[in-house]
Protein chains: 2
Amino acid sequence: MADDQLSRAFTALADPTRRDIVARLSLADATPGQLAEPFAMSLQAVSKHLKVLEEAGLISRTRDAQRRPCHLETAVLDEMTAWVDRYRRSAEERFRRLDAVLAAMDDDVQDDELQDNHEDQQDEDEGAPSP
Amino acid sequence: MADDQLSRAFTALADPTRRDIVARLSLADATPGQLAEPFAMSLQAVSKHLKVLEEAGLISRTRDAQRRPCHLETAVLDEMTAWVDRYRRSAEERFRRLDAVLAAMDDDVQDDELQDNHEDQQDEDEGAPSP
DNA sequence: GTTGTTATCAACCAATCGGTTGAGAAAGGG
DNA sequence: CCCTTTCTCAACCGATTGGTTGATAACAAC
């Protein structure tokens, strides 16, 4: 996995066990023991999943005697929706413009064919990954 | 990786190279060759990334002579934001209610302090909002 | 046909992932 | 003090990931 914030977040939610943990933590804080109870896996395995979620910034942990209650943090969830929504909107806006162009071509059907060359690509987000 | 739709989608976006591909496809459809050009990796490696994106339902491919233009599909992006937003909303709604309870308890404490200065057992609430 | 371009398939490799078991740390209660 | 509960750390293991190189398929152009 790449070591940037967004990669950690998407990786964390790529596992169904971790998504289930997030879903339950959205309802109430819980200890590792409580979170592990419904799963057919060891507490140690759940502890590893919690570590992944914590390093992604999706959860935080406090201390209560031996217990380490887990708390869902929403800031990284916000960043994820922001990323996904940005490119979804960008794509849908482009499709909308394309539809408009096609409609205009229908209107101008007596004219010559339009040549649409789109050689424009830019990237203001992540640059090329290091090899 | 688990073989369900959401796991494939989050796994696909967990890699910075694949996120960069998605970002560029949001601006314009592109062929594997065009997509591979800015990366310091082989065309075969990019082809593998495109396969991951396609199996996640994030892109589709058509045919144009030897070229296989890639097109960003937004439906799965929608499902991802729906999932993330659902649990973010759930958690934030819960925090909002908790704040209300704490505010009410503050009022009670102030009332108690006005009437009688007694020590009670309310040390169980770790509801401290993170900084 | 032959040549050139574009992209995928196949085999391989080191690193990582998701699980296991066993040991041990941290805290409270007898 | 010892004992129990709760949780993490460490080592291990098989499967998967993300890259490589080489071969090959599919198509255009000559």
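We name chains A, B, ... by the order of the sequence lines, and we start the count at 1 in each one.
- For B:R18, a side-chain nitrogen or oxygen approaches OP1 or OP2 of D:dG18 to under 4.0 Å.
- The separation between B:K51 atom NZ and C:dC9 atom C1' is 8 Å, rounded to whole Å.
- Nearest to the side-chain atoms of A:K48 among the listed nucleotides D:dT20, D:dA11, D:dG19 stands D:dA11.
- Contact annotation: B:S47 does not reach the phosphate of C:dA7 (side-chain N/O to OP1 or OP2, under 4.0 Å).
- Rounding to whole angstrom units, CD of residue B:E37 and P of C:dT6 are separated by 12 Å.
- Between B:T31 and C:dA7, a side-chain N or O to OP1/OP2 separation shorter than 4.0 Å is present.
- When each of D:dT20, C:dT20, D:dA28 is scored by its nearest atom to the side-chain atoms of A:A45, the top-ranked nucleotide is C:dT20.
- Rounded to whole Å, the distance from CZ on A:F10 to C1' on D:dT17 is 18 Å.
- Within the 4.5 Å cutoff, the side chain of B:M1 has no heavy atoms near those of the B:V52 side chain.
- Between A:A40 and A:Q66, the residue anchored nearer the 5' end of DNA chain C, judged by the nucleotide with its closest heavy atom, is A:A40.
- Two residues, B:R67 and A:L43, neighbour DNA chain C, and the one matched to the more 5' nucleotide by heavy-atom proximity is B:R67.
- Among the nucleotides C:dT8, C:dT21, C:dA26, the one closest to the side chain of B:R61 is C:dT8.
- For the pairing with B:C70, the side chain to side chain contact (heavy atoms under 4.5 Å, CB included) check across B:D29, B:L53, B:L35, B:V22 returns one residue only, B:L35.
- The base of D:dG18 has none of its N or O atoms less than 3.5 Å from a complementary donor or acceptor on the side chain of B:Q44.
- Checking A:S26 against B:R86 by side-chain atom types alone, no donor-acceptor pair falls below 3.5 Å.
- One finds no salt bridge joining B:R96 and B:E92 here, because no Lys/Arg side-chain nitrogen approaches an Asp/Glu carboxylate oxygen to under 4.0 Å.
- Across the protein-nucleic acid pair, A:L35 atom CG and D:dT8 atom C1' stand 15 Å apart, rounded to whole Å.
- Nucleotide D:dC7 holds its C1' atom 13 Å from the CD atom of A:E54, rounded to whole Å.
- Closest to the B:A65 side chain, of the nucleotides C:dA26, D:dC9, D:dA28, is D:dA28.
- Ring-plane geometry between B:H71 and A:F95 is classed as parallel, the angle between the planes falling under 30 degrees on a 0 to 90 degree scale with a further cut at 60.
- Closest to the side chain of A:R63, from the set C:dA27, D:dA26, D:dT21, is C:dA27.
- Distance B:L50 CG to D:dT17 C1': 16 Å, rounded to the nearest Å.
- In this structure, the CG atom of B:D64 is 17 Å from the P atom of C:dT5, given to the nearest Å.
- A straight line from CG of A:L53 to P of C:dC17 spans 13 Å, rounded to a whole angstrom.
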